[in-house]
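Per chain, numbering begins at 1; letters A, B, ... match sequence-line order. As the structure is a prediction and not an experimental result, all values here were calculated from the model.
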Amino acid sequence: MLKQFDKPYNSKEIEKKIYRLWEKSGFFNPDKLPARHKKPFTIIMPPPNANGSLHIGHAVFVTLQDIMIRYHRMKGDKTLWLPGADHAGFETQVVYDKKLEKEGRSRFKIPRDKLWKEMWDFTQKNKEIMENQLRQLGASCDWSREKFTLDKDIIDIVYKTFEKLKKDNLLYRGKRIVNWCIKHQTSLSDVELKYEERKNCFYYVKYKVPELNSSITVATTRPETIPADVALAVNPKDKRYKKFIGRHAVNPLNGERLLIITDSAVDIKFGTGVLKITPDHDRLDEEIYNRHSEINKDSHRIINPFGKLEGKNIPKELLGLKVKEARDVSIKILENSNNLDEKFALSGIDSNYLNTVALCYKCGSQVEPLSLDNQWFVKMTEKPKSGNKSLRDIAVEAVKSGKVEFIPKRFEKVFFHWMKNIRDWNISRQIVWGIKIPDKSTEDVFDTWFSSGQWPFATLMTSGKNDFKNFYPTDVMETAWDILFFWVARMIMFGLYITGKPPFKYVYLHGLVRDKERQKMSKSKGNVIDPLGVIDIYGADALRMALIVGNTPGNDPIIYEEKIRGYRNFANKIWQASRFVLMNCGDLNLKTKPKLTASDRKKIKELEKFKKEITKFIGSFKFHTAAERLYHYFWHTFADKIIESTKPRLKGDNKKDRQSAQYLLLEILKTNLKLLHPFMPFITEEIWQYLPIKEKKLLMVEKW
RNA sequence: GGGCGCGUAGCUCAAUUGGUUAGAGCGUCUCGUUUACACCGAGAAGGUACGAGGUUCGAAUCCUCGCGCGCCCACCA
């Protein structure tokens, strides 16, 4: 029996063997669990992007979710962990664009169908690699129910939602300002931007007002957009400009007449208190323009999607120039006109002006606000025809009422704050990779989060006959806090909107893995820890423990190789201690329970208490504490103290005392293997197979 | 401009929610090969808890202010 107990513990072979054993048992599938498993417990796995291999962040979520899943399965729940993979629209497009670039190709020169096919093959290949990596991490998910975000039945559901939104008047399409990335040639939603403070020039430009033989000064960072001005606006309470209201200014770059209007959105204290209204290149301007029917001037865009100036009423010198060049040239034109008329020109430049600019979160290039036709938007704050609450309000209410709870709770505040400021959601993307929007007039695809926002119900509606009925709403959504807005918020909105129920009860948010210098791990920094490489050396159990201990909800965990090595040593400790127990308890009669000494009884009692503690910690999402306690108890109480103290007793002649000690050791080992199983599933399962137990099953389905 | 969080051993982090002497890992030092384990054992050093007030029988934990970090949101044109 002990022949296989090599020393030290060899994780490599054992892990492969054990995973096969689990898969063969069928117990990953809730339908195949023994009859005692009744109450459903469900987690939908955040589908990893099928555009690369798993990184350490994936290992964090796999571990956290697998702990919950294995705990509930042992507890006797009908446990489902539904895996999947995400086509990850824009993300994958960016990855693939880079790949094409390396090969000297460009997506803009490849026929759509051909590119689609290439990307399909690419993601399918990645998907397969990823699935094997999940297995290596020990993920006990139900592979028979695996879904992909581009499965036909999923797409059908996405289309149904699209139709429902349309019928409910929550969807509109039209000319509107979008965040345009010139490099990627697509629009982006508001959450796909990052912001950066930049030093810019703030230009003071005089607009002549002939009716008063005067002028009015506008402060702007973007003089190149002046040809697209349609009006000027001041705050109605601003006394300085009272006499200008209703008069006309002259556009200094094209001579057009511009009505001077009032709008309370204009900040009196900012700049000169005069705002030029350029509705095709600024969102605030667009809003103001839409509010004022008295501006009887058509607006038009003068910057094209490639970031170059074009269109009517533009000085010839600017045509075809890129935005930055156009800015310099327009300033030159204004400076020159100073010589002709001092009331009609540039009156000053503040060159140390700090303002915040919006950048594409992927490539960091400055996002150009452009008005585009045919972009689809989802209304966030308006009531649907069929109901009386907006998408925003149903989600906010679900969290406020406690139907959905965040762990840690502070993220509820972040959630509310974001929801308060939410604007309509641009779901059109001008890329190839994604679900095509069912709209004949454009080639756009959906924002990937439009479909993944429907993931919890879409998966369960398509994974099995009664799955939706049995497993929805799910219990826990476990994911990283950085996709709270991208994903979690949208899932809550869509879940409630489509099914009437929140998609999950708890949202557990973990942090972003960082290195010892608190740097985010990234390939470009070269500080990544490859989970598979680490597993190869130290074993999956060690990696899992290292990722859990010290990892509190919502905070960024720090991982480094020495820590993983520490838990590899722990795995070996478990192995050696078990070896000792098995070597010394082989002759214990299992049919009758021996009479225990008083001190052994006390230790059993302490063990019971310990078991309750661990259960409480896991049940309240304190996995880090549970893991640390388990580590400590096993090593420093069980191995260092209890095992040591039984050595003379096992050797001694007192048969009763010896049996008592043997019983104690076996009990503690058994209980600890169970408690450790969710955290370190491989080694505990392997040892379990050697234990002298009647009617032995797999540890993964033993009673908690 | 609004908001969130953090500051505990040399380093990285905990502490069952206000309760004895603040704990782990890694690192450091001294011993040690014994029925599992050197991926080990026994022991040691190491803390003014960022600072200053306050609440309390009792504060790392709650409150206020200050200092230093980190992050999120925003229509500063």
Side-chain angles (χ1 to χ4, degrees), chain A residues 2 5 7-9 177 190-191 193-195 197 200 202-203 218-222 225 233 265-267 269-278 281-288 353-356 358 369 408 410-414 416-423 481-482 484-485 511-512 514-518 538-539 542 545-546 549-552 554-584 612-614 616-617 620 622 624-629 631-632 635-636 639-640 643-644 646-648 650-651:
Chain A
L2 295 178
F5 250 94
K7 60 177 187 176
Y9 171 60
I177 290 261
D190 293 340
V191 283
L193 308 178
K194 58 179 181 184
Y195 293 89
E197 210 166 59
N200 268 318
F202 206 25
Y203 303 96
V218 170
T220 180
T221 52
R222 304 209 53 188
T225 64
V266 181
D267 185 346
K269 282 178 235 145
F270 192 84
T272 61
V274 184
L275 179 62
K276 70 189 198 67
I277 305 299
T278 320
H281 295 289
D282 185 281
R283 189 149 51 192
L284 175 63
D285 293 7
E286 179 188 55
E287 277 173 32
I288 294 176
Y353 178 69
L354 274 181
N355 72 339
T356 311
R410 65 183 152 91
F411 279 103
E412 290 180 6
K413 283 187 210 167
V414 181
F416 291 138
H417 182 250
W418 185 72
M419 281 298 197
K420 206 179 144 194
N421 292 314
I422 198 169
R423 275 190 301 248
W481 58 256
D482 64 332
L484 178 59
F485 308 141
L512 277 34
R514 298 180 187 263
D515 69 8
K516 253 186 152 174
E517 276 75 50
R518 307 206 120 266
Y538 301 112
M545 276 300 269
V549 176
N551 183 354
T552 49
N555 296 321
D556 295 344
I558 283 150
I559 192 79
Y560 45 95
E561 194 166 343
E562 303 91 89
K563 190 175 176 186
I564 303 166
R565 195 186 305 136
Y567 291 102
R568 186 272 316 261
N569 296 353
F570 179 51
N572 186 50
K573 193 63 172 179
I574 296 173
W575 190 251
Q576 301 304 340
S578 304
R579 193 157 166 258
F580 177 84
V581 172
L582 290 174
M583 269 164 47
N584 284 285
K612 277 185 190 146
E613 258 180 37
I614 297 299
K616 199 175 131 198
F617 286 133
S620 54
K622 283 169 194 155
H624 61 291
T625 318
E628 203 183 320
R629 295 297 167 93
Y631 174 92
H632 198 257
W635 199 318
H636 300 301
D640 288 349
I643 287 186
E644 286 306 319
T646 58
K647 282 181 180 173
L650 293 168
K651 213 166 24 177

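The interatomic distance linking A/I559 (CD1) with B/rU12 (P) rounds to 14 Å, in whole Å. Put simply, CD on A/E628 is 12 Å from P on B/rC26, counting in whole angstrom units. In this entry the distance linking CD of A/E613 with P of B/rA14 reads 19 Å, nearest Å. Atom-to-atom, CE of A/M419 to C1' of B/rA74 comes out at 17 Å; the value is rounded to the nearest Å. In this structure, NZ of A/K573 is placed 12 Å from P of B/rG25, rounded to the nearest angstrom. For A/E644 and B/rU35, the CD to P distance is 10 Å, given to the nearest whole Å. In this entry the distance linking CZ of A/F485 with C1' of B/rG3 reads 10 Å, nearest Å.
Ring geometry, A/W575 versus A/Y9: the interplanar angle falls from 30° to 60°, so the pair is classed tilted.
Between the side chains of A/Y538 and A/E561, at least one donor-acceptor pair of N or O atoms lies under 3.5 Å. Neither side chain, A/T552 nor A/K622, offers a donor N or O lying under 3.5 Å from an acceptor on the other.
If you check every strand for non-hydrogen atoms under 4.0 Å, A/N551 touches nothing. At the heavy-atom level, A/D285 lies nowhere under 4.0 Å from the strands shown. Within 4.0 Å (heavy atoms only), A/A639 reaches at least one base atom of the nucleic acid.
Taking syn as a glycosidic angle within 90° of 0, B/rU17 qualifies as syn.
With RNA chain B read from its 5' end, the first of the two nearest nucleotides for A/N569 and A/D267 is the one closest to A/N569.
Residues A/I277 and A/L284 fail the side-chain proximity criterion, which asks for heavy atoms closer than 4.5 Å.
Across all strands shown, B/rA52 is found opposite B/rU64 as a Watson-Crick or G-U wobble partner, with both distances under 3.5 Å.
Listed pair A/Y353 / B/rA77 meets the phosphate criterion, a side-chain N or O lying under 4.0 Å from OP1 or OP2.
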